Protein chains: 2
Amino acid sequence: MTEPLPLFPTAQAPPSGQVDLTLTVTEERPRLRADAARNRTRLLEVAAELAAERGIGNVTMEAVATAAKVGKGTVFRRFGDRAGLMLALLDHHEQQLQTAFLTGPPPLGPDAPAAERLRAFGPAIIRHERAHRDLYLAAHGDLARHYSSPANHLRLGHLALLLRQLKAPGDIELVAHTLLGYLGTLLADHLLTQRGMSVERLAAGWYDLVERLGAAG
Amino acid sequence: MTEPLPLFPTAQAPPSGQVDLTLTVTEERPRLRADAARNRTRLLEVAAELAAERGIGNVTMEAVATAAKVGKGTVFRRFGDRAGLMLALLDHHEQQLQTAFLTGPPPLGPDAPAAERLRAFGPAIIRHERAHRDLYLAAHGDLARHYSSPANHLRLGHLALLLRQLKAPGDIELVAHTLLGYLGTLLADHLLTQRGMSVERLAAGWYDLVERLGAAG
DNA sequence: ACATTCAACGGACCACGGTCCGCTTGTTCC
DNA sequence: GGAACAAGCGGACCGTGGTCCGTTGAATGT
């Protein structure tokens, strides 16, 4: 229980302006006051800690507030609601994944051919979501928000980019949505745990999907 | 406000054994005591009424209980939780839709060729979900349950059936899931309201999808 | 008719998410 | 340094979903 790492840098990662893709507006956040920023990181640290020791599902907003020695109102002011806190927690892991396919090594990163990257994308997402399963489930409590989340938007843009590079036919944005839908946390989880499918089968399904939807017209 | 129709028959519609598809278990419900059944229908009627007059989002479980002159515990005993009540409400509309594509006229029903039916399926679902938008949103509060719901299972089985008739290649079950994912309430809603797409565009996307995923190997 | 049993009932009770508003404190500008 | 301002803070408060458990009364067998 000693504090090992300086995770959760004070400010949100600055928008790395590269891939814009003109799909949505990247909301700008107005910079926090010093004490607020301090509290923000404390809250995230504490929340992660509590989640680790008792499972994210058993972490109440009040508990987080108390453990971080702030009022409950502060937590809500900062994160909006429970899903917001979860999203913020998730954000950290999400960024790891993002760098993996934005700037990482092949086959995920930009040095591999588009078809390769597209193939690799699916299993990477599924693995990642499995690793942080409960957090994803908790965060997507409000599913409506999910589709507008920066993370999802980024994935979408990435897929659209690859599809365009492949000269895939049809309505690219819709095809990208279809592909992302296949990788959705809840669907994948359902297929794996309820229907007892193997990760390999899901991966094979993905390869097939990509081949049929990504093939040039 | 006069009571117009005898909706919500006392018992759940009996399982019409036809299309089984061996995809899940069809749970059997153990038959209710007379008073319980009476209460069940009263609750559903009252809930529908309240939903109509103040919007489903503003209908609390307690309000339903009070309006139906039963204790709150009774509501929860019957429907499990809020999502359960919503699902039960939805069930009625759902059955209309189901008969439309199980036994109705072409192009949805069994007298049209499989390719036609598959094409028609998408817009039909989207229209239906739009018509009952808020109910769907409220019901899918717990998304995990959604995938196991009988309604979803039926759609899945239907799609799988059509795909098989078309001799579509690949992992049929996964392809069916992909197609259904495209029609998901939340996704469709997001694309229509947030991203401002037209129903026509979604429909066109569906036709394209169906063509590429349903085409014989 | 009566006894037995057990699903169903009611509503007090609890926990948690979320809001509100009067007070405090960092920031900025002179 | 000090004044003016807005952002941040805390925690009492509220509504709602969900649980618990003692009581009631259908169903069923004799």
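Source: prediction; values computed, not measured. A, B, ... follow the sequence lines: proteins, then strands. Residue 1 opens every chain.
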For this session: Ignoring backbone atoms, test whether A:N39 places a side-chain nitrogen or oxygen under 4.0 Å from the OP1 or OP2 oxygen of D:dC9.
Result: yes
For this session: Please state whether the rings of B:Y136 and B:H128 are parallel, tilted or perpendicular, taking 30° and 60° as the class boundaries.
Result: perpendicular
For this session: Report the distance from atom CD of A:E62 to atom C1' of D:dC14, rounded to the nearest whole Å.
Result: 13 Å
Exercise. In whole Å, what is the span from the CG atom of B:D81 to the P atom of C:dA15?
Worked result: 20 Å
Exercise. Can you find a heavy atom in the side chain of B:D35 that is under 4.5 Å from one in the side chain of B:R38?
Worked result: yes
For this session: Measure the distance from CZ on B:R40 to C1' on C:dA7 and round it to the nearest whole Å.
Result: 16 Å
Problem set entry | Value in whole Å for how far the C1' atom of D:dT16 lies from CG of B:L85 | 14 Å
Exercise. To the nearest Å, how far apart are B:N58 CG and D:dT16 C1'?
Worked result: 13 Å
For this session: Tell me which nucleotide among D:dG10, C:dA8, D:dG8 gets nearest to the side chain of B:L32.
Result: C:dA8
Seminar exercise, completed: Regarding the side chain of A:R33, the nearest nucleotide among C:dA8, C:dA12, D:dA7 is D:dA7
Exercise. So, A:R78 side chain and A:R40 main chain: donor-acceptor pair closer than 3.5 Å or not?
Worked result: no
Problem set entry | Position toward the 5' end of DNA chain C (nearest nucleotide), B:G73 or A:G80 | B:G73
Exercise. D:dA12 P sits how many Å from A:F76 CZ, rounded?
Worked result: 16 Å
Exercise. Contact class for B:R82 vs. all strands (heavy atom < 4.0 Å): base, sugar-phosphate, or nothing?
Worked result: sugar-phosphate
For this session: Provide, to the nearest angstrom, the distance between the CG atom belonging to B:L43 and the C1' atom belonging to C:dC9.
Result: 12 Å
Problem set entry | Main-chain N/O of A:F101 paired with A:R117 side-chain donor or acceptor, under 3.5 Å | yes
Exercise. Nearest to the side chain of B:K72, which nucleotide is it out of D:dC9, C:dG10, C:dG11?
Worked result: C:dG11
Exercise. Among the nucleotides C:dG10, C:dG26, D:dT16, which one has an atom lying closest to any side-chain atom of A:D35?
Worked result: C:dG26
Exercise. Among C:dG17, D:dG8, D:dG10, which is the nearest nucleotide to the side chain of A:M61?
Worked result: C:dG17
Exercise. C:dG26 C1' sits how many Å from A:R31 CZ, rounded?
Worked result: 13 Å
Exercise. Got a donor-acceptor contact below 3.5 angstrom from the B:Y182 side chain to the A:H177 backbone?
Worked result: no
Exercise. Are A:T74 and D:dG10 close enough that a side-chain N or O sits under 4.0 Å from OP1 or OP2?
Worked result: yes
Exercise. Picking from C:dT19, D:dC9, C:dG10, which would you name as closest to the side chain of A:R77?
Worked result: D:dC9
